[in-house]
Trainee: 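Got a structure for you, questions after.
As a basis for the values below, the full set of heavy atoms in this structure was taken, side chains included, without hydrogen atoms, waters or symmetry mates.
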Amino acid sequence: MSTQRTVTVTTTDQGPVTVPEPSWCAGHAGEPVDALVDLGHRSAERPLGRPSAPIGIALVSQYPHGNGPRETGLFVEQTALAVTLGPDAVRELAADYETAAAQLRRLADWVHILKAGEV
């Protein structure tokens, strides 16, 4: 049986706090936290669309001590896009969105699996 990972993070409201750390968390090195409610776990960022020109990023996140929902979820951020494009560039952008949609579906499946293990 494996031991659950933990991490100790220094908070300004409660000092050093040791909490469980999910296996998908990218770590907390050099991350002072103002308050325990701000302590969150985040996976590595995954570009959406083409890696060379992503249209956004997605990552798994969880704020177990937060004021809002505490469950594991997928944080998605779109890049700001406000440009005029020609027909070929629009088709390329549409393909990027199709790629991103497939990537998001796979990430949603992953989050579903992670949440099933949280029970």
Side-chain angles (χ1 to χ4, degrees):
M1 179 171 258
S2 64
T3 304
Q4 183 175 19
R5 289 178 12 171
T6 62
V7 62
T8 301
V9 178
T10 301
T11 63
T12 56
D13 64 341
Q14 297 192 28
V17 178
T18 301
V19 296
E21 182 178 51
S23 61
W24 49 262
C25 183
H28 296 271
E31 292 183 20
V33 177
D34 284 335
L36 183 59
V37 297
D38 298 324
L39 173 62
H41 302 293
R42 297 167 57 102
S43 71
E45 290 184 1
R46 304 192 191 280
L48 298 173
R50 288 175 290 148
S52 61
I55 59 170
I57 58 115
L59 56 95
V60 176
S61 69
Q62 178 192 46
Y63 286 82
H65 306 284
N67 293 324
R70 296 177 181 196
E71 68 269 359
T72 302
L74 191 65
F75 173 82
V76 179
E77 180 178 317
Q78 297 181 60
T79 57
L81 178 66
V83 295
T84 300
L85 302 170
D88 291 341
V90 170
R91 287 183 185 92
E92 189 172 284
L93 179 61
D96 289 344
Y97 276 105
E98 290 169 347
T99 299
Q103 292 166 328
L104 285 169
R105 286 184 194 98
R106 284 191 302 274
L107 289 168
D109 291 343
W110 183 39
V111 170
H112 182 80
I113 291 167
L114 293 174
K115 289 175 69 78
E118 290 178 358
V119 182

Trainee: Take Leu74 and Leu104, measure what side-chain contact (heavy atoms from CB on, under 4.5 Å) needs, and give me the verdict at the end.
Mentor: CA-CA 9 Å; Leu74 191 65; Leu104 285 169; 4.0 Å; yes
Trainee: Looking at every heavy atom in both Leu107 and Ala58, which two are closest together, and how far apart are they?
Mentor: CD1-CB, 3.7 Å
Trainee: If you count every heavy atom of other residues, nucleotides or ligands that lies below 6.0 Å from Asn67 atom CG, does the total exceed 12?
Mentor: no
Trainee: Between CG of Leu93 and CG of Leu85, what distance do you get to the nearest 0.5 Å?
Mentor: 6.0 Å
Trainee: Starting from Leu59 and following side-chain heavy-atom contacts under 4.5 Å between hydrophobic residues (I, L, V, M, F, W, Y), which residues can be reached?
Mentor: Ile57, Phe75
Trainee: Salt bridge check: are Asp88 and Arg91 linked by an N-O gap of less than 4.0 Å?
Mentor: yes
Trainee: Taking only distance into account, with no hydrogens and no angle test, what donor-acceptor pairs under 3.5 Å do side-chain atoms of residues 43-56 form with protein atoms, sequence neighbours excluded?
Mentor:
| unit_1 | atom_1 | unit_2 | atom_2 | d |
| --- | --- | --- | --- | --- |
| Ser43 | OG | Val60 | N | 2.9 |
| Arg50 | NE | Asp96 | OD1 | 2.9 |
| Arg50 | NE | Asp96 | OD2 | 3.3 |
| Arg50 | NH1 | Glu92 | OE2 | 3.4 |
| Arg50 | NH2 | Glu92 | OE2 | 3.2 |
| Arg50 | NH2 | Asp96 | OD2 | 2.9 |

Trainee: Please step through side-chain contact (heavy atoms from CB on, under 4.5 Å) for the pair Val33 and Val17, ending with a clear verdict.
Mentor: CA-CA 10 Å; Val33 177; Val17 178; over 6 Å; no
Trainee: Does His41 have any ring pair (Phe, Tyr, Trp, His ring centres under 6.0 Å) partners at least two apart in sequence or in another chain, and if so, which?
Mentor: His28
Trainee: So, taking the atom named CG in Leu114 and the one named CD in Glu71, what distance separates them when rounded to the nearest 0.5 Å?
Mentor: 13.0 Å
Trainee: Determine the minimum heavy-atom distance between Tyr97 and Leu81, stating which atoms define it.
Mentor: OH-CD2, 4.0 Å
Trainee: Please round to the nearest 0.5 Å and tell me the distance separating atom CZ of Arg42 and atom CD of Gln62.
Mentor: 13.0 Å
